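In what follows, chains carry the letters A, B, and so on, assigned in the order in which the sequence lines appear, proteins first and then strands, with residues in each chain numbered from 1. Treat the numbers as computed from the prediction; the structure is a model and nothing was measured.
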Protein chains: 2
Amino acid sequence: MRKRKGAGRPTISDVAERAGVSTITVSRALRDPSKVSDHLRRKINDAVRKLNYVPHSHASALASTRSNVIGVIVPSLTNNVFADTLRAIYDELYQGPFQVQLGNSRYVAKDEERLVRTFLGQGPSAMIVAGVDQTDATRELLENAECPVVQVMDISDDPIDMMVGFSHFEGGRAAGVHLVQKGYKRIGFLGARMDPRSHRRMEGFKEALRSGGRYDPDLMMTTTDSSSVSLGGHLIEQLRKCRPDLDAVFCNNDDMALGALFGCQKAGISVPDEMGIIGFNDLEMMAASYPSLTSIRTDRYQIGKRAVQMIKAVLDGETPEQKIIDLGFELQCRESTMRPKSKAR
Amino acid sequence: MRKRKGAGRPTISDVAERAGVSTITVSRALRDPSKVSDHLRRKINDAVRKLNYVPHSHASALASTRSNVIGVIVPSLTNNVFADTLRAIYDELYQGPFQVQLGNSRYVAKDEERLVRTFLGQGPSAMIVAGVDQTDATRELLENAECPVVQVMDISDDPIDMMVGFSHFEGGRAAGVHLVQKGYKRIGFLGARMDPRSHRRMEGFKEALRSGGRYDPDLMMTTTDSSSVSLGGHLIEQLRKCRPDLDAVFCNNDDMALGALFGCQKAGISVPDEMGIIGFNDLEMMAASYPSLTSIRTDRYQIGKRAVQMIKAVLDGETPEQKIIDLGFELQCRESTMRPKSKAR
DNA sequence: TTGTATGCGTTATCAA
DNA sequence: TTGATAACGCATACAA
């Protein structure tokens, strides 16, 4: 019977032969060098280099029922917010032995569930999912998964395993408090997509307005359409049509805020004198616009970085001091909410 | 000797047993149903459903030296341009049996080479890479790869295998022709990052200016810094400092163009009367800004979609009519280049 | 610390 | 069209 030919590249046996040891010793030398004597380790490393040996990840995954893949599931590929976190994850994993398996749930919980099921089937080394609003089935899958799981971008008091994010409720509240303090009177909300995190931002915002005696449900305008700059413009135009006395808006995110700014400019409304605008996330453009736009800064890059660091720590056998990392947020007060005759108290 | 326990989920043997056939028949029934009789196929499909069987991809990859992974390498995760293409790739692959393996080369050719090497090692079903400016080594790797390869976002007359994109040179030229036609006299270029594609855009742009008798090398301003809205503002400010008579700019991309717009507004320069601005890619925000911004529209989503379609076709044994697909671009003329007293000829 | 035997779940090979 | 058997390359269990 003729032998099957593999991919042609060197295998662990080739390395073992060249180094004069058994395959398992090579395997150990590569995965946990401390388990192999210095002498052999050196010979093995030499052989690896000479042969330009790269472990076959599929064979490894099959034998160990564990792959070096870290599953990452985000709700959007085009939303800058997740792009920053993703970039951090890739940056942090660039050196290491891990591969990213990226899934796009498109803001659909059922799709996320499907992806989690698929990814878990590959025996990932860890999982990173966005938000805390998984379906019950997803939660259960993840809770029973034999790998670290990090929920990112949000926090709650009931993590599946670990969490890195910030409170969207508090972020929304801070935006509301800011507008109230600046003396704006008829304060509205412009919300696109309205995924769970946007919802909590809105709730926090409402609470701040209520406390400040400025809450008016008619000024809360939301849609499930995905957010965009043009949508921000349309919504503020619509809202102003019903309520011309509107004098400030908190936008769901920065794209919407930029759109709202353009909308005001088109309508000849002065920002911030006649209309205060505040966004969320503080994308780079917020500081560069004219007038510059106030926003709630969140550190998406850091979120991705910390998530990976936690995973690495757990995989190294360490126990992280905290399972929940609240990275907070920071109000970036800029021209769009700087009224000259501010009535700050 | 005790048996090793796997992940616990059903295997192909379980299905085979339940259907009363051999494992290889199950394998065939799943991969190429036409090779199995209707009778058995039905029994097998029943068993698969009953057991909720999902093939173990690692085992499959190991045995066949071919995985269901499609490797995708982009130079940036945060650049909207690639995000759109990525989204299309994911959308188009959502149903199918394929997984995306995403790599971020961060605009570094050597990193791309490393990623290609790694991905190819996993025996991907196909590869998608951005641009046509791979290193020689990368090209060789890809040319020898036993899978379809698609270069996206750009085109040349020398594809590794297949291509979907458009001519950046022509795109840049179209921008130049437009500004010349609009009667602008002292026309500049603002370029960030200056990756190979940006470079070709600039070259096309220069050519148009030369033909129009408007080329002035002193007005070409480039930097290797990554593009951003604020950078667009800084560059135009700088350029105007040296050359206050500047009356139009072509920006490398839309972020830069938006920044240039803000920069002008800050400086009290009227757009488009005193300064014409044109961007590249036509992101959604370009139409929503005030004034709206002229740009060269490219269909990034379609690029991703077509790339995947080509791959699927080839994998299905079809031969695509064309190896190079030029999706072109389209000038979106908006307010930022609409001078009232336009001297269009 | 090192090695032997064997299994991980699938597919390629060859035979019927 | 279907099946028996041997790979695929590595890691686990156990022994030395």
(message) Output the rounded distance in Å from CG (B/Asn68) to C1' (C/dT11).
(response) 14 Å
(message) Could you check whether A/Arg300 makes a cation-pi contact with A/Phe166, meaning its NZ or CZ is under 6.0 Å from the centre of the six-membered ring and within 45° of the ring axis?
(response) no
(message) I want to check one thing: is the phosphate of D/dC8, taken as OP1 and OP2, less than 4.0 Å away from some side-chain N or O of B/Thr65?
(response) no
(message) Does either side chain, that of A/Arg31 or that of A/Ser27, offer a donor lying less than 3.5 Å from an acceptor on the other one?
(response) yes
(request) Compare side-chain N and O positions of A/Thr25 against OP1 and OP2 of C/dG3 and report whether any pair is under 4.0 Å apart. (result) yes
(request) Choose from C/dG9, C/dG3, D/dT2 the nucleotide whose nearest atom is closest to any side-chain atom of B/Ser37. (result) D/dT2
(request) Mind calculating the distance between CD1 (A/Ile12) and P (C/dT6) to the nearest angstrom? (result) 19 Å
(request) Output yes when at least one side-chain N/O atom of A/Arg31 is less than 4.0 Å from OP1 or OP2 of D/dT12, else no. (result) yes
(request) In whole angstrom, give the distance that lies between atom CG of A/Leu62 and atom P of D/dC8. (result) 14 Å
(request) Could you pick out which residue, B/Ser27 or A/Gly20, lies toward the 5' side of DNA chain C when each is mapped onto its nearest nucleotide? (result) A/Gly20
(message) Taking 4.0 Å as the cut-off, does a side-chain nitrogen or oxygen of A/Ser60 come that near to OP1 or OP2 on D/dA11?
(response) yes
(message) Of the listed nucleotides (D/dT2, D/dC10, C/dG9), which one gets closest to any side-chain atom of B/Ala63?
(response) C/dG9
(message) Base, sugar-phosphate or nothing for A/Arg28? Non-hydrogen atoms, less than 4.0 Å.
(response) base
(message) Nearest whole Å is fine: how far is D/dA13 C1' from A/Ile24 CD1?
(response) 10 Å
(request) Grab the CG-P distance between B/Asp14 and C/dG9 for me, whole Å please. (result) 9 Å
(request) Let me know the distance between CZ of B/Arg9 and P of C/dC8, rounded to the nearest Å. (result) 14 Å
(message) Tell me whether B/Arg114 is salt-bridged to B/Asp111, with the criterion being a basic N under 4.0 Å from an acidic carboxylate O.
(response) no
(message) Measure CZ/A/Arg66 against C1'/C/dG9 and give the value in whole Å, please.
(response) 17 Å
(message) Checking contacts here: which listed nucleotide (C/dT11, C/dT10, D/dG9) is nearest the side-chain heavy atoms of B/Tyr53?
(response) C/dT10
(request) To the nearest Å, give me how far apart NE2 (B/His56) and P (C/dG9) are. (result) 5 Å
(message) Both A/Ala61 and B/Leu40 contact DNA chain D. Taking the nearest nucleotide for each, which residue is further toward the 5' end?
(response) B/Leu40
(message) Does anything in residues 12-30 of chain B form a salt bridge (charged side-chain N to carboxylate O under 4.0 Å, His left out)? List the pairs, not counting sequence neighbours.
(response) none
(message) Taking the nucleotide of DNA chain D with the nearest heavy atom to each, does B/Lys35 or A/His58 sit closer to the 5' end?
(response) B/Lys35
Please output the side-chain donor-acceptor pairs of residues 301-311 of chain A that fall under 3.5 Å, not counting sequence neighbours, one pair per line with the distance.
| from | atom 1 | to | atom 2 | distance (Å) |
| --- | --- | --- | --- | --- |
| A/Tyr301 | OH | A/Asp91 | OD2 | 2.6 |
| A/Gln309 | NE2 | A/Glu92 | OE2 | 3.4 |

(request) Please tell me which of the listed nucleotides, D/dC10, C/dG9, C/dG3, lies nearest to the side chain of A/Ser22? (result) C/dG3
